[in-house]
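Reviewing the structure listed below.
Below, chain A is the first sequence line, B the second, and so on; all start at residue 1.
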Amino acid sequence: MTRYTSATNSDREEMLARIGVDSVDDLFSGIPEELRLGRPLDLPDGLSEAEVFDRLRQMSARNTDADSEVSFLGAGMYDHYVPAIVETIISRSEFLTPYTPYQPEVSQGGLQTMFEFQTAMSELTGLPVANAGLYEGPSTAAAAAYLAIGATGRKKLVATRGVHPHTREVLETYSAGYGSEVVEVDLEDGVTQAAALAEAVDDDTAAVFLQQPNFLGSVEDIEALTEVSKAHGALVVVACDPMALSILKPPGQCGADIAFGEGQPLGNRLDYGGPSFGFFGAAEEHLRRMPGRIAGQTTDVDGRRGFVLTLQTREQHIRREKATHNICTAQALNSLAGMIHLAWLGKRGFVELGELLVRRTAYARSKLAEVPGVSLVSDAPVVREFALSLDAPIGEVLDLCAAEGVAAGYRLDREYPEIENGLLVAITERRSVGDIDKLAELLGRAVSVGSEAPREKEAVS
Amino acid sequence: MSPQTAPPSTAEVPTAQQRDHATTIYERSVPGRRAADLPAAGVPETPIEELIPKSLLRERPAELPEIAEPEIVRHYNRLSRRNFDLDTGMYPLGSCTMKHNPRLNERVAALPGHARLHPAQDPRRAQGALELMWNLQQSLAEICGLPHVSLQPSAGSHGELAGLLLTRAYHADRGEQRTKVLTPDTAHGTNPATVSMAGYEVVRVATSEQGGVDMDDLREKADDQVACLMLTNPNTLGLFDENIAEIAEILHSVGGTLYYDGANLNAIMGRSRPGDMGFDIVHVNLHKSFSQPHGGGGPGSGPIAVSDRIEPFLPKPQVVRTSEGNGSGPTFDLDYDRPKAIGRLRGFQGNFGVFVRSYAYILSLGGDGLQEASETSVLNANYLLSRLSEGRTGKYLPLGVDRRPMHEFVLSASKAKDDLGVKTLDIAKRILDFGFHPPTVYFPLLIEEALLMEPTETETRETLDDFADTLEAVLEEAESDPAIVTGAPYTTPVRRLDEAGAARDPVIRQPLG
């Protein structure tokens, strides 16, 4: 008997007798002899609750988390302060342990929070319809591509290199199934150039993928880019940072057909990358091609207001191979966390946080740009993240900073080799002016040490 | 003495629930109220327009609610009370494996070293996380009987897509472009939907009278254009397909892969392994067999386990173990150098928080405990079935396919519909009034008026008895006055809802501003 089962030996005997078999083995007699494992699983014996806790606490202590250093890591997931009420509410059994709301009469809490969440995502993106959430950011791009291919009958996907590298990689992966191709457009001075984009978009283009702010932190002129993208009838899909949508013009008002993004900054833990949620907003005309769950308002037989999962004929359990996406289990609890965080920030707090990010990031950028051997990749406006090029080997700089308790940022060398010793620095409200000054001091020291040493990069290549 | 006033009867006083008009958080908003207080910027208050051109800025703020913390908490607490949940009562949704969610798992997932670890942290400073992922991979490989695991897929459906993209890459590597994927007509809807997303054509394979794959139909349809067969075993009727070895042989003889939908893995852990049955690719729902809470529709996680010939194509990055040879023990890293990989399926490393919970669950139960969990889930299902085979339930709700099931089984309410005028839906709704969640209804599609029941191992015998008695009572009501059942539910926060109206004229957001 494990601690999560109740059947005692006498329960078992009586239950088996009732069933009319002699042993549990008899219940498995449908499995052919040669397919039975016939030995115990080669896994360690079970542990007590206390032992499991201690084991995992010890393992977790081998990770350097965002509380044990000053972290300027971002690249899509950010260390915002999540208010205590988020944890309290999403830990309630009534939100934590139900299944997808297939029986609406006993799922009104979950369905209503979906409706509230959809409303918030619609507000943020400036698009009239939004779903109840998908897995996470990059895979949501693939859902948008599926919609665009279905809506246009075309197969070419254009993405600027300002789109998160993970998102572009996911589009590439899914393209094997969609029969689509992904064409990338280079950035110039850290932003997408309308002329370069116009050259890549043609009559075969199903969708153009943009990102706001782009991966290097630069705020793009989405309106201008949308205009050239639409010249040939492609859908415009904008990946966005939900926190930046507090102050930036929403994609819907820039002419975008779809806006989506990684929801982690709203109410979700870093969790080494997941679970979080993806959000998805679209123009009204795409409603019946939307992926995932959508809650809708209705009334019950007594005329009382209620909510149901609606437009389910889009979904896999009804439509099967003609479904708009294969998604079933999504990230409902994570979307709820996002909604609670937004309710806590509120109409004014959300804007204030956006403004705080812009101002503090502006300070950080100018402070770091003053450091000898550090230069800005772009002088475009930024919200909360910016890219630097360092005059010293990036690995050594990061190691020196880490030794001083600072994660200086996200290294760009794998994904943007064209930026010499590239570093992406993210600022949140949790990174104080003192933290930023410390980073400037450390980068100055690291770059001067690194640039004096024989250049590792040249020695290797 | 003044005459005693009788308290008003409860029929005249609206209950708190009746007074709750599903007010939304936006409707509770009052201008000027707020919960958030933010730290001071600590830098000059430069006008934002001087930092970002006005043309790129919002013209008006997003219409988020304005509400103080106490009312936010009350709002969501009220909403929570309008949900049924697993901690309140039995949730026998077939193929969903609604087993208890151990709270230890929540506690360890919340440890700062897990919850506060940035996904882009240098792998040298995330050794505990990578080791946990490695250990979970090894555990799932042993349970599935397949040597290589990727934890990246975010849920079962994502794992399915991974499986078909792996299949496509495998065939392409051999210079083949195949066009079809076989799915049985008992398959989960995610299977055919996945087939389309992966660029294949769905070909349905019939089900035999014994409830397994119709072997003649399979032989006829298995040709050199078949890329893959997707199967759930035990299938969605709760039946183990005895012909599985021969099915694998047929598929492999035409060069196809065999894909295992792990939705029903909870029936066979430690008893039988998909890899040993001949499957090439398996997805595991960590939110089913491995106790991750369902969260009202996620998060989940859908790791995949594969055979040697599929391994080169696994998504990147992969967690790898390297030995430094200096006696300090193994170290772990993320390997991006995988030239044949299908690529990425999502950002970063996967739903790590779910990995922590499932790893804690596996550590808690151990090999023996996992086997016992499966055995008890099968025992519980068969016990419940034995109870339901008697009396009115036996008469009106017979088994869809009359064979001994494993962890779940399908009853058909066709007879109840014909003889009593109560459909599966009516029975499901009436069960709600008794404090149970109904089983999965109208699935699998090939059984008329299906009720698919999976009690799981964590329910007690007393609860199963209570559930059986409840179904008996519902049918007794249906015999005497079917209107009671067809009008149900009565005691829930709302009663039957107009779903057709909701879809006809969709209201999917609150009008604001």
Side-chain angles (χ1 to χ4, degrees), chain A residues 2 6 15 30 41 43 45-46 56 59-60 62-66 73 89 93-94 96-98 100 105-106 108-110 119 122-123 135 138-139 166 169 173 177 269 271-275 296-298 300 305-306 310 316-317 320-321 323 326 329-333 344-345 347 349 363 381 433, chain B residues 22 35-36 42-43 52 62 64 76 79-80 82-87 108 111 113 115-119 125 127-128 154-155 157 189 192-194 196 198-199 202 240 270 293 295-300 343-344 346-349 351-353 366-367 369 383 460 492 494-495 498 502 507 509-510:
Chain A
T2 75
S6 304
M15 291 165 83
L41 284 171
L43 294 174
D45 290 342
L56 283 167
M59 281 176 83
S60 74
R62 297 175 58 214
N63 302 321
T64 306
D65 63 67
L73 286 165
I89 294 168
S93 298
E94 298 89 339
L96 184 68
T97 71
T100 301
E105 296 87 347
V106 289
Q108 286 300 299
T119 303
S122 171
E123 279 294 314
Y135 306 131
S139 56
H166 292 174
E169 285 177 54
T173 303
R269 301 164 170 174
D271 265 343
Y272 200 46
Q297 183 178 299
T298 188
D300 76 355
R305 184 189 199 179
T310 194
Q316 47 80 23
H317 61 285
R320 300 179 79 81
E321 65 266 30
N326 69 339
T329 290
Q331 312 275 143
L333 196 69
W344 181 84
L345 284 167
K347 184 176 177 178
Y363 170 82
V433 168
Chain B
V43 295
I52 299 176
L64 295 175
Y76 288 108
L79 284 185
S80 78
R82 290 162 71 80
N83 270 356
F84 183 85
D85 69 296
L86 178 59
D87 283 358
V108 291
L111 287 165
R116 302 269 302 124
L117 181 60
H118 193 281
R125 285 186 282 285
Q127 285 295 297
S154 311
S157 53
T194 303
S196 294
V202 179
F240 192 92
R344 263 187 185 285
R346 53 162 291 157
F348 297 109
Q349 287 79 240
N351 281 345
F352 178 78
Y383 176 74
T460 65
T492 46
V494 291
R495 297 183 57 212
D498 181 7
V507 179
R509 63 153 290 176
Q510 177 109 38

Distance, nearest 0.5 Å, that separates CZ of B:R125 from CZ of A:R62:
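The CZ atom of A:R62 is 14.0 Å from CZ of B:R125, to the nearest 0.5 Å.
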Say you draw a straight line from CG of A:L73 to NE2 of B:H118; how long is it, rounded to the nearest 0.5 Å?
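One gets 5.0 Å once the value is rounded to the nearest 0.5 Å.
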Looking at side-chain heavy atoms only, is the closest gap between A:R320 and B:V202 below 4.5 Å?
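Side chain of A:R320 against side chain of B:V202, heavy atoms only: no contact under 4.5 Å found.
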4.5 Å side-chain heavy-atom contact, B:P299 and A:L333:
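B:P299 reaches A:L333 side chain to side chain.
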Minimum-distance pair of heavy atoms, taken over all atoms of [X] and [Y]:
X: A:K347; Y: B:L64; value: CB-O, 3.4 Å
X: A:G30; Y: B:F240; value: O-CD2, 3.7 Å
X: A:E105; Y: B:R495; value: CG-O, 3.5 Å
X: B:T460; Y: A:S6; value: CG2-OG, 3.5 Å
X: A:R305; Y: B:A22; value: NH1-O, 3.1 Å
X: A:A332; Y: B:G295; value: CB-O, 3.5 Å

Which of [options] touches chain A most, by non-hydrogen pairs under 4.5 Å:
options: B:S80, B:A35, B:G369; answer: B:S80
options: B:S154, B:A155, B:G347, B:G296; answer: B:G296
options: B:G343, B:G300, B:A62; answer: B:A62
options: B:V108, B:L117, B:L79; answer: B:L117
options: B:G42, B:P119, B:G366; answer: B:P119

Are the side chain of [X] and the backbone of [Y] linked by a donor-acceptor contact shorter than 3.5 Å?
X: A:N63; Y: B:G128; answer: yes
X: A:T173; Y: B:R344; answer: yes
X: A:N326; Y: B:A193; answer: no
X: B:S196; Y: A:E321; answer: yes

Is B:I52 close to chain A through its backbone or its side chain, or both, or neither, when contacts mean heavy atoms under 4.5 Å?
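Answer is both: backbone and side chain atoms of B:I52 are under 4.5 Å from chain A.
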Tell me which of these, [options], has more heavy-atom pairs under 4.5 Å with chain B than the rest.
options: A:T100, A:D271, A:T298, A:L43; value: A:D271
options: A:G274, A:P381, A:G46, A:P98; value: A:P98
options: A:G110, A:A66, A:G306; value: A:A66
options: A:M15, A:H317, A:E169, A:M59; value: A:M15
options: A:D65, A:T329, A:L345; value: A:D65

Proximal component of A:T310, with respect to chain B [non-hydrogen, under 4.5 Å]
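Contact with chain B is through the side chain of A:T310 alone.
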For A:E94, run the side chain to side chain contact (heavy atoms under 4.5 Å, CB included) check against B:D87, B:N83, B:L86 and tell me which one passes.
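Exactly one option meets the side chain to side chain contact (heavy atoms under 4.5 Å, CB included) with A:E94, and it is B:N83.
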